[in-house]
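One structure is given below, encoded as structure tokens.
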Amino acid sequence: ERGHGPYQPHEPGYGLYQPGYSPYDDQIPDPKSRMLAIQNAKAYLLKSSTTSGLNLYDHLANMLTKILDEQPTNAVDIIENISKDVKWAQLRKKMDTLRDEHEILPTFEAAEKRKALFLKANGEGDEELEEEIGETPLPNVMETAFYFEQAGIGLSKDESYHIFLALKKLISVQPIQTCRFWGKILGLEMNYIIAEVQYHEGEEEEETEEEEVIEEGGKGMGEVEDEDENKEKEYEPPKSTYKPPPIIPKEENGTGANKYVYFVCNEPGKPWVKLPPVTPAQIVCARKIKKFFTGRLDAPVVSFPPFPGNEANYLRAQIARISAGTQISPIGFYQFAEEEGDEEEEGGGGRDTYEENPDFQPLSVAEMVDSLATWVHHGQSILKQGRCVWLNPFQKSEEEEEEDEEEEKAEEPDEAEIGPPLLTPLSEDEGIQNIPAWTAQPSSNLIPQYAVAILQSNRWPGAYAFASGKKFDNIYFGWGHKYSPENHTPALPPPVQGEYPSGPETTETRDPTLEEELAFKAATEEALAAAEDEEEEEEVAEDDDEEEEED
Amino acid sequence: MEAAALPAALELAAGGGAGLSPEKRAVLGASLLLLQRDYRFERVWFWGCIQGVRGAYYIAEGLGPDRAAPRSRLYSLNCVEWSLLPPATEEMVVQAEQLKGRFQGDPSFEYEYTEINAEDAERLFEDGKEPMIKEESRLVATIEQIDRAVGIIPRGAFLKTPLGSVRENRNFEGLSLTEAKKLSSYFHFTEPVNLKNKTLLEKADLDPSTDFLDSLEHDIPQGSWTVQLEKGGTVVVLRSLLWLGLTFYHVPMTKQYGYVYFGTGEKNLDLPFML
């Protein structure tokens, strides 16, 4: 009667709706009543729900309309979801008097910033165009990205292009002579994009003025304290004899670890921030700690030993270490400038400047990959002291020598540290355990004619270099940490300082016991009595009256 | 990441500087399809690349009709010829955990145990086995560990059917931007461990079809995931700090998501010191 197909044995409903035996058979004797039943059913379906105001009839109609319009495959499997979607759509159509404001997503602001990169500055005339096409410090980021891409290294093309434009903006703002995209360091909240830059000579901002002022202020304070000492010498508690180790001065801007100036930004489009120059103390401390970067330059670095500075300094120190360890070039690309005299420089450090070799003959890719001796470091390595050129911290200027006449001389330092000279080949690099320091591969084994030689550093994972013909470059993509197969063990706190030196005066001895005291007393009385007897004997001859008085 | 979406996905996950060369990309498009044909997988995922000292391993995973079943893993040294890896056993994982240092890049390389406890040594020598592990086993164990620890999917992307098998959710439209920034919207795609420990109140709020996995919220140590918006806020990228190199990307309000591993295959045990 109902028109349902013959039910199979495994389906529910089998055996239920035999023709003539449906459950409603006794309730629907004739067609008129069936019409009534249909109307009742429809009325039931049209009843509005008390909670949502919808009714089942309309809902089913809408659902079926949607299904027939869209005709999804296997509709029966997702029917519940379709039902939910239809209900959602129903509820949204109600027009409230309150309308949601268009959401200003943060993505829109970011898009604005990136769009600004693509706009040309106003008022550019033809002159400026000519300047741009000529010698420009802007590096060809896309070309470098292409070569690295052959090895599977690099950011997406979009991001590379944005960085390209951001560098262009940097150059137009700062007086820059050379500029290079150094790499990207990842952080917890935000990442850093880093540009390595050299200023035109003489164009650097004078930041040293501030430091001199601080030093003079410190010296002034010292003098005042001396005067106070003279007045109150009697009541002063003993001064500690602790002399902190001398602070090793940082290298001058433009030399050694501070050869390049680094600018960072979090995303292309955001303003570039200059990183402060690095001090040896920061490098020495950075070697002992291992911390993730958060992405905010002013974040404190909480570590032990306490890092002297905030995240900007830590970042700069890591960049200095990475540059010193992984900036490499094909042999012969750079050569030393002509010598002007003997090599009798202080400390015998050797040369620290190089220039491009105009007669550079590039080696083939196969040769570059086979032997590590075809690559050299052009980044000066940093000594244990934290500088590239060793400085004796106890060399005093004349002023200081006068003051020091009164103070004790401290111990002499160890011998001068000497690092590997500039332009040493990579074959001299130590590996870690049994892993070589660098892994060299051609970018493609299938097309060796156009392959590029790629080097990956194993000591600083994330540092890469490529060479192809006369072109080469270095780059870094990573978290900014050195590789160590052993787990990082943080430095232990120093041993507890002794309170006072122990010597015979300050060593505790056992208190004398009662017997010892009595014995001592008896002994002294005997000695005293013996002395008196002697005196008495001497005075007997002289004066009897005095003896009588004494008795 | 889905093999079909590989080109677009690599662009989105390239924020960390690691990716594939054009040559590899081109060959993967073809060889992953052939894998699907040969092994009769329903889905093929490109899992990532483990850098060894002398070479790299490229890993692919194949999934059957139940997406939560143990996946078949294959490796290749050049993305052209693939070899099936044996399934990971607990013993392999335990053995591999004791190894330190980089992968060598040669699957038949044998590691020697350098430091083992006296107990382990006795146990091993009793069995008559020599304490050598092949790099292949270490590879299997490492991939298994990484998948177990940091293989993640967005909430709602997979559904558990009433019959118990797990399938993709065809109605998944992507997480919204606010949801995408929360760690609780992402699940570990492995057997859940913490699910039973939730209080009854929490369990009442869960939807058994979508919330059948552990979320990232309670990962130890806290802060072992970084959540960032890249490309001007259009892509949400999660990077794991426990296994450096694991990158998960998702474009909010779209169906694009996936994770890929480009790294050295070493766990970052210094994590607590570095946070």
Side-chain angles (χ1 to χ4, degrees), chain A residues 72 77-78 81-82 85 105-111 113-114 149-159 183-184 186-191 267 269 289-292 295 303 432-436 439 441 443-447 456 458 461-462 475-479 481 483 485-488 490, chain B residues 10-25 27 49 51-56 78 80 100-102 104-105 159 161 167 169-171 177-178 209 223 225-235 237 239 241 244-245 252 262-264 266 268-275:
Chain A
D77 291 331
I78 47 174
N81 284 328
I82 296 179
D85 285 341
L105 295 171
T107 47
F108 298 151
E109 293 173 18
K113 285 206 190 113
R114 285 181 305 146
E149 195 193 354
Q150 300 303 306
I153 299 155
L155 307 169
S156 64
K157 290 227 178 57
D158 280 357
E159 200 167 348
K184 181 172 180 184
L186 303 171
L188 296 181
E189 295 166 28
M190 290 184 283
N191 306 323
E267 264 194 12
I289 64 176
K290 196 172 179 186
K291 282 268 178 194
F292 279 122
S303 67
I432 302 179
Q433 294 182 347
N434 51 355
I435 305 169
T439 301
Q441 282 172 349
S443 65
S444 154
N445 288 320
L446 296 175
I447 306 180
Q456 303 175 16
N458 293 327
I475 209 158
Y476 182 86
F477 293 114
W479 297 89
H481 298 114
Y483 173 70
E486 304 301 322
N487 296 336
H488 167 72
Chain B
L10 282 175
E11 287 277 316
L12 293 172
L20 292 175
S21 63
E23 184 189 317
K24 297 277 181 312
R25 255 183 261 184
V27 77
C49 164
Q51 275 294 336
V53 175
R54 288 194 289 271
N78 53 9
V80 182
K100 287 189 205 173
R102 299 278 303 270
Q104 289 297 322
L159 284 182
T161 61
R167 300 192 149 260
N169 179 2
R170 283 169 37 200
N171 273 26
L177 196 60
T178 39
S209 60
W225 289 94
T226 68
V227 182
Q228 286 174 5
L229 289 173
E230 293 210 348
K231 286 192 156 226
T234 50
V235 181
V237 174
R239 293 203 180 90
L241 299 176
L244 289 175
F262 282 107
T264 59
E266 287 167 296
N268 180 20
L269 291 167
D270 302 331
L271 182 59
F273 293 118
M274 294 168 79
L275 283 175

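The sequence lines fix the lettering, A, B, ..., with proteins before strands; numbering per chain opens at 1. Values reported hereafter were calculated over all heavy atoms of this structure, with side chains retained and with hydrogens, waters and symmetry mates removed. Only a predicted model underlies this, so the values are computations on that prediction, with no experimental measurement involved.
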I need the residue from A:Gly187, A:Pro436, A:Pro461 with the largest number of non-hydrogen atom pairs under 4.5 Å to chain B. A:Gly187
What residue in A:Thr439, A:Asn81, A:Asp85 has the most heavy-atom pairs under 4.5 Å with chain B? A:Asn81
Here the gap from A:Arg114 atom CZ to B:Thr234 atom OG1, rounded to the nearest 0.5 Å, amounts to 6.0 Å
Would you confirm whether B:Lys24, through its side chain, and A:Gly152, through its main-chain N or O, come within 3.5 Å as a donor-acceptor pair? no
Ignoring hydrogens, what is the shortest heavy-atom contact between B:Ala14 and A:Ser156? Give both atom names and the distance. CB-N, 3.7 Å
Donor-acceptor side-chain pairing of A:Ser444 and B:Glu23 below 3.5 angstrom: yes
Do you know which of B:Glu266, B:Gln51, B:Met274, B:Arg239 has the most heavy-atom pairs under 4.5 Å to chain A? B:Met274
Counting only heavy atoms closer than 4.5 Å, note whether A:Leu186 contacts chain B via side chain, backbone, both or neither. side chain
For the atom pair CG (B:Asn268) and NE2 (A:His481), what is the distance rounded to the nearest 0.5 Å? 9.0 Å
Is it the side chain or the backbone of A:Tyr476 that comes within 4.5 Å of chain B heavy atoms, both, or neither? neither
Region of B:Leu229 in contact with chain A, defined by heavy-atom distances below 4.5 Å: backbone
Find the one option among B:Val53, B:Asn169, B:Leu20 whose heavy-atom pairs under 4.5 Å with chain A are most numerous. B:Val53
In plain terms, say whether A:Glu149 and B:Arg25 are close enough for a salt bridge, that is, a side-chain N and a carboxylate O under 4.0 Å apart. yes
Decide yes or no for B:Phe273 and A:Lys291: does some side-chain heavy atom of the first lie under 4.5 Å from some side-chain heavy atom of the second? no
State, yes or no, whether a side-chain contact exists between B:Arg170 and A:Ile78 at a heavy-atom distance under 4.5 Å. yes
Out of curiosity, B:Leu241 CG to A:Phe292 CZ, how far, rounded to the nearest 0.5 Å? 4.5 Å
What I'd like to find out is whether the side chain of B:Glu230 reaches to under 4.5 Å of the side chain of A:Asn191, using heavy atoms alone. yes
Hey, could you give me the CD/CD distance between B:Gln228 and A:Glu189, rounded to the nearest 0.5 Å? 9.0 Å
Pick from B:Cys49, B:Ala18, B:Pro22: which one has the most heavy-atom pairs with chain A under 4.5 Å? B:Pro22
Structural part of A:Glu159 lying under 4.5 Å from a heavy atom of chain B: side chain
Would you say the side-chain atoms of A:Lys184 pair up with the backbone N or O of B:Gly15, donor to acceptor, closer than 3.5 Å? yes
Go through A:Gly154, A:Gly295, A:Ala151 and name the one with the most non-hydrogen pairs under 4.5 angstrom from chain B. A:Gly154
Any non-hydrogen side-chain atom of B:Asn78 less than 4.5 Å from a side-chain atom of A:Asn445? no
